[in-house]
There are 4 protein chains.
Amino acid sequence: MEPIAEKKKLILESAFDIIKDQGFHGCPMSLVAKNAGVAAGTIYTYFESKNDLIFELYFHAKNIIYKHVSQKDDPSLDFKTRFFNYWNNLSQLYLDRPEIQRFFEQFMISPYNTLEVQNEDSPWYNWNGNFFKEGIDKGYLKNLSPEILFIMVIGSVNSMSKMRQNFNTKITEKGIDLNQLAEMTWDAIRKQK
Amino acid sequence: MEPIAEKKKLILESAFDIIKDQGFHGCPMSLVAKNAGVAAGTIYTYFESKNDLIFELYFHAKNIIYKHVSQKDDPSLDFKTRFFNYWNNLSQLYLDRPEIQRFFEQFMISPYNTLEVQNEDSPWYNWNGNFFKEGIDKGYLKNLSPEILFIMVIGSVNSMSKMRQNFNTKITEKGIDLNQLAEMTWDAIRKQK
Amino acid sequence: MEPIAEKKKLILESAFDIIKDQGFHGCPMSLVAKNAGVAAGTIYTYFESKNDLIFELYFHAKNIIYKHVSQKDDPSLDFKTRFFNYWNNLSQLYLDRPEIQRFFEQFMISPYNTLEVQNEDSPWYNWNGNFFKEGIDKGYLKNLSPEILFIMVIGSVNSMSKMRQNFNTKITEKGIDLNQLAEMTWDAIRKQK
Amino acid sequence: MEPIAEKKKLILESAFDIIKDQGFHGCPMSLVAKNAGVAAGTIYTYFESKNDLIFELYFHAKNIIYKHVSQKDDPSLDFKTRFFNYWNNLSQLYLDRPEIQRFFEQFMISPYNTLEVQNEDSPWYNWNGNFFKEGIDKGYLKNLSPEILFIMVIGSVNSMSKMRQNFNTKITEKGIDLNQLAEMTWDAIRKQK
DNA sequence: GATGAATGAGTGTTCATTCAT
DNA sequence: GATGAATGAACACTCATTCAT
């Protein structure tokens, strides 16, 4: 149906893969092309520039996260359960597809991450706004702005995942259980009695 | 007094500054030299390589953090107060010297951050180990490993600072009070009654 | 016919030429590119590195010598005649294409000439082994190892060519006839009655 | 007496040493200075430039050869014996002080070896002229110009020494006796009966 | 005389992008 | 649309030489 998109997808995935293993700095267009099985010039049929490719990757990645977490959320459950599901699903996604986390890490601090990009609305951020608002409204969460709850939670997941990925051996050695961060984060956001 | 150290310092600060504004990616040696007011070759009088320069920056930055936080800690105070001091001091340091936070962000995910570097002992990590251990022993903090408490706290400060730096306008607009993250983090780590 | 090989050839010849005039020392890639009429980066389409370029030049040069001398050898002739043909052909080649001799001179004492390179089999060395062996077996040459006869002969040709190239005026002035070296070398290797 | 010459000598020897091990290409002035135990700038008190240093090395080396060979020559001996002494003394000198041979190898093909340098008279070349003239006059050597006899002999010694130095293992393996080159060279220059 | 920090042109090499085919 | 050879500015780093001390 979309034979063109096929090649575009190959390029995006190739870039994703390389960034996972080598970071932005080790991701030349020539390698992206080679891994995707296309010619260097072909990339420019689908993307205006490397910049453009990176942005598409960003939206792609954010969309994967959004779908993964939102689709696995069951609003009929108890909010605390939903929070731990949220945490575990996101955490698991980062574990299963390290390229996503790695990409975000790199993207966020790269010059690609302009104010413009940051200010864009996105289904993922909107969904989170609603999720945390619901938790507040139902009396489970602290009566703060949904945004700050989101910052707290997403910061914890990121922090945990980064640790898990970068210091795995050290963490195992010391017998540190990173899942405890979920409990701690829950304590951070839940309404204290 | 130390005219030699003077030039080395200029180079370090120049690199720091550039990384703050443009990231590692936009920090060629030629620009470091130019901004420091020295010739390109001069850098190599003081640093063996770019690698070497980056490492010195890393140790320099970590040391600043360590000194700033540890020197302002008053062990005679109540532990909760000490925690909020810790949080506020670190937070303030990141606010005053964004290049420090920016540098760490960049360094952590760069190829410079090898396992070797990660495994090095450092006064800052040791100090934190002791700090959180004390909190546990005195019954203020959850009975978890000091390391995981550190991960939780440092993750929150970083997350908050990154938000403050990148989304300042947006945050102000929405009336979000980032200091609430300190309270939330305290709830995350304190022993629940 | 082979438009690709065309450019590679231009680069090889450019390098050859520069080395002839200025030696390895005066042969930067930028100049090779300029003389070949291509951009600096283009060289790396055809050669992995300067190293690689130099090696190709080496094999190229050795092959030219091999072909030139072996193809002009007529095994049906008297061995003494064949020897003088060998000498004259090689000598003439060096005269016509000084870049070949110059290149070898440079290569042999350069860091490129590793043990690995030295130990490689080559048609040229093999052909010489057979040539001198035949001379021994047929009773024309001293009963020594073919290798040492080769060293003697090649050393003489090189020595002569170097002189001819570097001291041409002086030699002409003094009325020195370098061809006498062929006779002398024949006396050096022939079986003495 | 000559405390200044002391430092100059250190520099010359340092350069000699480095060239022996690494060739011209691995002989930066900074290293010469370091090995000589002086500051980089000090070299320029004694030598106008690297060029100048190399030239002095050249004259120094040629003088060593001249003295070594001429002083060990005993004109009262039979000429054939004198020739083999000449050969063996020069060969031994190259073996004992590889830096001399290595330097000449490098110098001869370097851009330093200008026509001007080549045309300079030198005791060494003069001595050789006389040596071979005597051989001719006494009826031992072919009735050719002394110069061409010199070219033949020096070419052989150089060729042999280069082989000995660069292909030592291979030569030993194959059981090649390089001393045979002395005999061969004698046959090359001696008057044939 | 001696020092060694400073210089800056020059080195080999990379890589985002273009364009003739 | 697809190709991949070609480009050339940019990069990290070297080194002969200078000059203030």
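Note on naming: letters A, B, ... go to the chains in the order of the sequence lines (proteins, then strands), and numbering restarts at 1 for each one. Side chains are part of it too, since the values below use all heavy atoms of this structure and drop only hydrogens, waters and symmetry mates.
At a threshold of 4.5 Å between non-hydrogen side-chain atoms, the residues B:Tyr94 and B:Gln165 do not count as touching. For the pair B:Glu13/B:Glu99, no side-chain contact is recorded, criterion being any heavy-atom separation below 4.5 Å from C-beta on.
C:Ile54 has its CD1 atom 12 Å from the C1' atom of E:dG12, to the nearest Å. Atom-to-atom, CZ of D:Phe47 to P of E:dG1 comes out at 13 Å; the value is rounded to the nearest Å. Separating the CD1 atom of D:Ile11 from the C1' atom of E:dG1 is a distance of 12 Å, rounded to the nearest angstrom. Between the CD1 atom of C:Ile18 and the P atom of E:dT11 there is a distance of 11 Å, given to the nearest Å. When the P atom of F:dT3 is taken as reference, atom NZ of A:Lys34 falls 15 Å away, rounded to whole Å. Across the protein-nucleic acid pair, C:Leu31 atom CG and E:dG12 atom P stand 10 Å apart, rounded to whole Å. Between D:Lys8 atom NZ and E:dA2 atom C1' there is a gap of 17 Å when expressed in whole angstrom units. Atom CD1 in C:Ile43 sits about 12 Å away from atom P in E:dT14, given to the nearest Å.
Between the side chain of A:His25 and the main chain of A:Gln22, a donor-acceptor pair closer than 3.5 Å is present.
If you run side-chain contact (heavy atoms from CB on, under 4.5 Å) between D:Tyr46 and each of D:Leu53, D:Leu10, D:Val38, D:Ile11, only D:Ile11 comes through.
Base pairing in DNA chain E gives the following stems of 3 or more Watson-Crick or G-U pairs, range against range and under 3.5 Å: E:2-21 with F:2-21.
Classified by interplanar angle (parallel below 30°, tilted 30° to 60°, perpendicular above 60°), the ring pair C:Phe103/C:Phe24 is tilted. Taking the six-membered ring where tryptophan is involved, the planes of A:Phe107 and A:Tyr58 are essentially parallel, since the angle between them stays under 30° and well short of 60°.
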Using a cutoff of under 3.5 Å, can you pull out all pairs of nitrogen or oxygen atoms linking the protein to nucleotides 11-14 of chain F, with atom names and distances?
residue : atom : partner : partner atom : Å
F:dA12  : OP1  : B:Lys50 : NZ           : 2.5
F:dA12  : OP2  : B:Met29 : N            : 2.7
F:dC13  : OP2  : B:Tyr44 : OH           : 3.0
F:dC13  : OP2  : B:Lys50 : N            : 2.8

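Phosphate proximity of E:dG1 to D:Lys7: absent, as no side-chain N or O sits under 4.0 Å from OP1 or OP2. Phosphate proximity of E:dT7 to B:Thr42: present, with a side-chain N or O under 4.0 Å from OP1 or OP2. Of the side-chain N and O atoms in D:Thr45, none sit less than 4.0 angstrom from OP1 or OP2 of E:dG1.
For the atom pair C:Asp17 CG and C:Asn35 CG, the distance stands at 7.0 Å (nearest 0.5 Å).
Taking the ring centre of A:Phe47 as origin, the terminal cationic atom of A:Lys8 falls inside the region bounded by 6.0 Å and 45° from the ring axis.
Across C:Leu57 and C:Leu12, no two heavy atoms sit closer than the pair CD1-CD2, 3.3 Å.
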